[in-house]
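Values below: all heavy atoms of this structure, side chains included; hydrogens, waters and symmetry mates excluded. In what follows, chains are A, B, ... by sequence order, proteins preceding strands, each numbered from 1.
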Protein chains: 4
Amino acid sequence: MSDMTPTSGADVKSHVTDGALIQRRRGQIVAAAVELFSRQGYNDTTIIDIARKADVSSGLIYQYFSDKEDILLLSLLDVLDSYKREIPLAIEGLNDPLARFLAALEAYCRVVDQRREATLLAYRSTKSLPGDRRQLIKAHELATNQLIAACLQDCIDQGLCRPVKVELVTYQLVTFAHSWALKYWRLNELCNLDEYVAEGVDFYTHALLTPKGWRRYRKLRPLPAGQAEPNSLP
Amino acid sequence: MSDMTPTSGADVKSHVTDGALIQRRRGQIVAAAVELFSRQGYNDTTIIDIARKADVSSGLIYQYFSDKEDILLLSLLDVLDSYKREIPLAIEGLNDPLARFLAALEAYCRVVDQRREATLLAYRSTKSLPGDRRQLIKAHELATNQLIAACLQDCIDQGLCRPVKVELVTYQLVTFAHSWALKYWRLNELCNLDEYVAEGVDFYTHALLTPKGWRRYRKLRPLPAGQAEPNSLP
Amino acid sequence: MSDMTPTSGADVKSHVTDGALIQRRRGQIVAAAVELFSRQGYNDTTIIDIARKADVSSGLIYQYFSDKEDILLLSLLDVLDSYKREIPLAIEGLNDPLARFLAALEAYCRVVDQRREATLLAYRSTKSLPGDRRQLIKAHELATNQLIAACLQDCIDQGLCRPVKVELVTYQLVTFAHSWALKYWRLNELCNLDEYVAEGVDFYTHALLTPKGWRRYRKLRPLPAGQAEPNSLP
Amino acid sequence: MSDMTPTSGADVKSHVTDGALIQRRRGQIVAAAVELFSRQGYNDTTIIDIARKADVSSGLIYQYFSDKEDILLLSLLDVLDSYKREIPLAIEGLNDPLARFLAALEAYCRVVDQRREATLLAYRSTKSLPGDRRQLIKAHELATNQLIAACLQDCIDQGLCRPVKVELVTYQLVTFAHSWALKYWRLNELCNLDEYVAEGVDFYTHALLTPKGWRRYRKLRPLPAGQAEPNSLP
DNA sequence: AATGAATGAGAATTCATTCAT
DNA sequence: GATGAATGAATTCTCATTCAT
């Protein structure tokens with residue numbers, strides 16, 4: 001599991017009072033659960049499976065989670081948190097809005113690749129949560145999207161990208177990244193991750209960049225010597 | 001349920017011999033199952049739920065399906081088949097490759113919209129099938145994608161679209177359509193279906209069209225009088 | 001199935017009135033049932049199995065039997081009847097009581113061998129019948145035993161056998177014959193049917209014959225020339 | 001249930017790890033199962049019946065047995081083990097081969113009498129087990145037979161019994177004992193257990209003893225004063 | 001805090017039996 | 001008389017959850 005607490009915002013009850021212990025135990029259990037849920041699905045994973053993999057007793061789990069659904073909630077949040085954590089890391093230190101935008105896109109693709117099965121889990125199992133828990137998940141998703149949307153908005157504000165509906169386009173970018181996990185069974189036959197990212201960059205630059213944006217882009221990623229612009233601007 | 005047989009390629013056993021009756025009963029049961037699976041998920045739907053909704057006895061279901069998994073398989077195929085059926089309908093009679101391409105995209109978005117919950121079902125529940133059944137689902141998905149890919153290829157062949165990796169871009173289009181279902185909870189707050197489709201058209205034309213493609217596009221969809229090109233070409 | 005009506009004494013209701021048809025249909029169905037019950041057991045044989053093997057519909061069976069138990073009853077009676085039919089055939093024409101006794105023993109062993117699986121069926125499944133049906137089975141068994149007991153009694157009356165408790169010894173003989181079926185899995189590794197019968201004859205003659213009985217026995221089955229009495233009399 | 005572990009040789013899985021507890025619970029459950037299976041038959045006894053009689057929950061049973069068949073297996077082994085346990089007890093301390101032989105026969109009859117219903121169970125339900133489990137049952141039966149066969153062989157070796165095919169005759173003795181259970185419904189009308197045993201001894205002595213054997217027999221069981229030899233030697 | 005044995009409600013599946021055609 | 005589709009009660013087995021130790 002990730003090293004950050006996955007409980008952000010979730011109101012999950014524990015019978016145990018020692019905060020550090022709660023952190024450690026929940027981490028242990030969620031790590032086991034994410035792996036098993038991802039591999040076998042939520043319903044086909046038993047509490048005993050999780051307990052065995054986490055190397056604790058089944059009874060212990062109920063001291064840190066009120067029910068199985070709670071484990072799922074924290075498992076999903078753990079996945080979403082890993083997205084939310086990686087993107088800022090990828091863009092920190094970069095000042096150019098276009099560079100930040102592209103870095104965010106690439107970072108998202110890479111974190112999805114690292115947690116491919118877990119990404120599928122989020123798509124498959126969110127509906128197993130009751131409505132209010134689902135809201136929490138959605139809020140996390142929107143927060144992550146916002147990280148990307150902000151980059152795009154900056155590009156537009158600086159005239160590097162066409163004025164598009166930012167959130168809609170953000171969803172396209174997010175979906176592009178998620179698709180690497182969702183359709184991995186086929187995409188992996190067509191290209192590797194680097195090629196997939198490159199294809200995405202090619203696609204979104206054409207879809208979004210203004211002439212000014214293109215000039216900036218060329219500075220960021222000069223063409224190799226002797227190679228002509230592959231997709232000539234109109 | 002749809003009016004076409006959903007059994008295409010699936011080897012689902014029945015104890016009943018009368019072919020027409022099998023069609024009718026399976027249709028009845030799959031229709032109930034798709035609705036319940038979509039709403040409550042595969043695992044939280046019981047055979048008795050399905051029987052009650054289909055207005056048959058629980059035992060009857062086992063005369064037409066060998067187990068619950070079989071119902072899921074035919075349910076998923078029913079959804080995928082509805083995609084595969086609508087797209088050809090939308091493009092038949094159109095000759096221009098670009099018109100066909102755009103019509104296919106729009107049709108896909110509309111059929112996803114009509115079967116929004118069922119589309120989610122496919123994402124959530126395919127993994128509940130055993131490997132060989134899953135292959136069948138994947139084959140159907142690829143066949144549907146091929147319908148769109150062919151349109152795109154034609155556009156490229158005629159110099160209307162940039163030469164891109166056809167199957168990868170097809171996946172983007174497919175994912176764009178699916179996202180309307182996957183992220184409906186948020187997208188529906190941002191726009192309606194028509195706007196979503198328009199946004200997609202705007203996006204993909206910018207990403208793909210050549211100058212020649214743009215001229216063709218203007219013939220297909222002239223700007224309203226007095227309105228300037230919204231996103232001026234670079 | 002055997003050619004004699006198996007309904008002797010059983011009050012099995014039929015919805016059909018034509019007597020000859022009842023005979024034929026019941027024969028057809030019981031023949032199928034005996035084979036299936038013998039091979040798979042009563043509980044693991046379904047009405048549909050029987051219908052399929054008898055080449056009729058499952059509904060038809062209920063026109064000739066009131067329930068599954070009824071089929072079992074007639075199946076068991078069919079087996080017991082075949083015993084009761086073969087023994088008289090084997091001893092008719094024989095006048096000597098000892099010859100009749102030995103012929104009855106041998107005949108019983110042979111009919112058990114011919115219907116080995118069906119004999120097991122009787123041991124396994126009689127308890128599946130309700131008490132009153134079971135009485136009927138027992139009456140048939142006693143009647144068959146009586147055929148043998150009468151032979152033994154004659155031998156005793158004529159001083160060929162020791163005066164023993166006739167019915168108890170009869171049970172020994174019956175059990176000896178049945179054992180060929182019950183323990184076939186092992187006995188068949190030790191000897192063939194002829195040897196088994198010979199062993200039985202050897203055993204029972206030693207256990208039962210008087211000196212007068214032995215002299216009679218020697219007339220019936222003279223020793224091969226040059227062979228001494230294998231088990232010399234005391 | 002018997003006080004010895006019935007698991008001899010059977011590879012029955014348990015989810016519980018505490019060995020002593022497994023012994024206790026399995027004993028509890030098998031005791032209930034043997035009684036119910038004997039009375040109602042294997043198929044007509046439900047897991048819930050067994051649970052209720054054993055005074056545990058139905059779920060508990062599945063912590064100690066992997067399925068219903070496993071309960072049957074251990075139930076049958078429990079019965080066979082009680083045979084295998086009683087015979088050695090009956091002959092230990094006896095040195096004379098003939099005395100041992102007769103004691104074994106009598107002991108077998110008595111243990112069958114004590115577990116009459118359970119003996120029937122073995123005949124009725126062994127076929128409900130899959131082939132490999134059945135082999136285990138057969139091996140146990142053969143091992144028990146061997147205990148008797150050894151006594152008989154000793155008698156033959158010392159010239160007390162005629163040289164007969166030991167295993168075949170052993171099966172006769174075994175069948176004689178089993179018949180007390182199999183045909184109890186009738187035998188019990190003819191005699192009590194002591195008389196049945198006496199009848200068996202009378203029968204087998206006449207069938208097997210040599211003159212030397214008879215002299216030994218008279219020493220073991222002198223005739224009551226003033227009573228003539230009932231079945232005078234020829 | 002931790003364990004794991006025990007519980008029992010719940011779900012899929014089977015199959016004897018009925019009955020409209 | 002014959003058919004076979006339809007029924008639904010009954011059964012096995014699973015697993016989240018509890019609680020005594």
Side-chain angles (χ1 to χ4, degrees), chain A residues 14-18 21-22 25 43-52 55-71, chain B residues 14-18 21-22 24-25 43-51 55-71, chain C residues 14-18 21-22 25 43-52 55-71, chain D residues 14-18 21-22 24-25 43-51 55-71:
Chain A
S14 167
H15 292 149
V16 178
T17 49
D18 174 351
L21 184 55
I22 292 179
R25 288 301 199 192
N43 281 283
D44 292 348
T45 299
T46 69
I47 294 289
I48 287 181
D49 288 341
I50 298 172
R52 198 170 0 242
D55 217 49
V56 298
S57 68
S58 59
L60 185 71
I61 290 181
Y62 285 86
Q63 309 232 345
Y64 295 94
F65 296 88
S66 58
D67 55 21
K68 194 183 173 190
E69 228 167 49
D70 248 8
I71 308 176
Chain B
S14 168
H15 291 150
V16 176
T17 49
D18 176 349
L21 184 56
I22 292 179
R24 188 165 65 82
R25 287 300 200 192
N43 280 283
D44 292 347
T45 301
T46 71
I47 294 289
I48 288 180
D49 289 341
I50 297 172
D55 213 50
V56 297
S57 67
S58 60
L60 183 75
I61 292 183
Y62 288 89
Q63 305 241 19
Y64 296 92
F65 297 89
S66 56
D67 54 21
K68 194 183 172 189
E69 225 169 52
D70 252 5
I71 308 177
Chain C
S14 167
H15 291 148
V16 178
T17 49
D18 175 350
L21 184 54
I22 292 179
R25 288 299 200 193
N43 281 283
D44 291 349
T45 300
T46 70
I47 294 290
I48 286 181
D49 287 342
I50 298 171
R52 199 173 355 243
D55 216 47
V56 299
S57 69
S58 59
L60 185 72
I61 291 182
Y62 286 86
Q63 309 231 343
Y64 295 93
F65 297 88
S66 58
D67 56 19
K68 193 183 174 189
E69 228 167 47
D70 249 8
I71 309 177
Chain D
S14 168
H15 291 150
V16 176
T17 48
D18 176 351
L21 184 56
I22 293 179
R24 188 163 66 82
R25 288 300 200 193
N43 281 283
D44 292 348
T45 300
T46 71
I47 293 290
I48 288 180
D49 289 341
I50 298 172
D55 214 50
V56 297
S57 67
S58 61
L60 184 75
I61 292 183
Y62 288 89
Q63 304 240 19
Y64 296 92
F65 297 89
S66 56
D67 55 21
K68 194 184 172 190
E69 223 169 53
D70 251 6
I71 308 177

Watson-Crick or G-U wobble mate for E:dT7, both contacts under 3.5 Å = F:dA16
What nucleic acid atoms does C:R25 come within less than 4.0 Å of, heavy atoms only: base, sugar-phosphate, or nothing?
-> sugar-phosphate
Can you tell me how far C1' of F:dT17 sits from CG of A:L60, to the nearest Å?
-> 14 Å
Name the nucleic acid region contacted by A:I48, choosing base, sugar-phosphate or nothing; use a 4.0 angstrom heavy-atom cut-off, strictly under.
-> nothing
Does D:Y64 have a side-chain nitrogen or oxygen under 4.0 Å from the phosphate oxygens OP1 or OP2 of E:dA6?
-> yes
Is any side-chain N or O of A:S58 closer than 4.0 Å to OP1 or OP2 of E:dA2?
-> no
Contact class for D:I47 vs. all strands (heavy atom < 4.0 Å): base, sugar-phosphate, or nothing?
-> sugar-phosphate
Distance, nearest 0.5 Å, that separates CD1 of A:I50 from CD1 of A:I61 | 5.5 Å
Would you tell me if any nitrogen or oxygen in the side chain of A:Y62 comes within less than 4.0 Å of OP1 or OP2 on F:dT17?
-> yes
Short side-chain donor-acceptor distance under 3.5 Å, D:T45 and D:D49 = no
Residue pair B:V56 / B:R25, side-chain heavy-atom distance below 4.5 Å | yes
Tell me: NZ of C:K68 to P of E:dT17, nearest whole Å?
-> 8 Å
Select base, sugar-phosphate, or nothing to describe what B:L21 touches, counting heavy atoms under 4.0 Å on all strands.
-> sugar-phosphate
Using a cut-off of 4.0 Å on non-hydrogen atoms, how would the nucleic acid contact of D:T45 be classed: base, sugar-phosphate, or nothing?
-> sugar-phosphate
Which residue lies more 5' along DNA chain E, comparing C:D44 with A:Q63 via nearest heavy atoms | A:Q63
Quick one: does D:Y64's side chain get under 4.5 Å of D:L21's, heavy atoms only?
-> yes
Could you give the CD-to-P distance, from D:E69 to F:dC13, as a whole number of Å?
-> 9 Å
Tell me what C:F65 touches on the nucleic acid: a base, only sugar-phosphate, or nothing, going by heavy atoms under 4.0 Å.
-> nothing
To the nearest 0.5 angstrom, please state how far the OG atom of A:S57 sits from the CD1 atom of A:I48.
-> 10.0 Å
Applying a 3.5 Å limit to both distances, which nucleotide forms a Watson-Crick or G-U wobble pair with E:dT21?
-> F:dA2
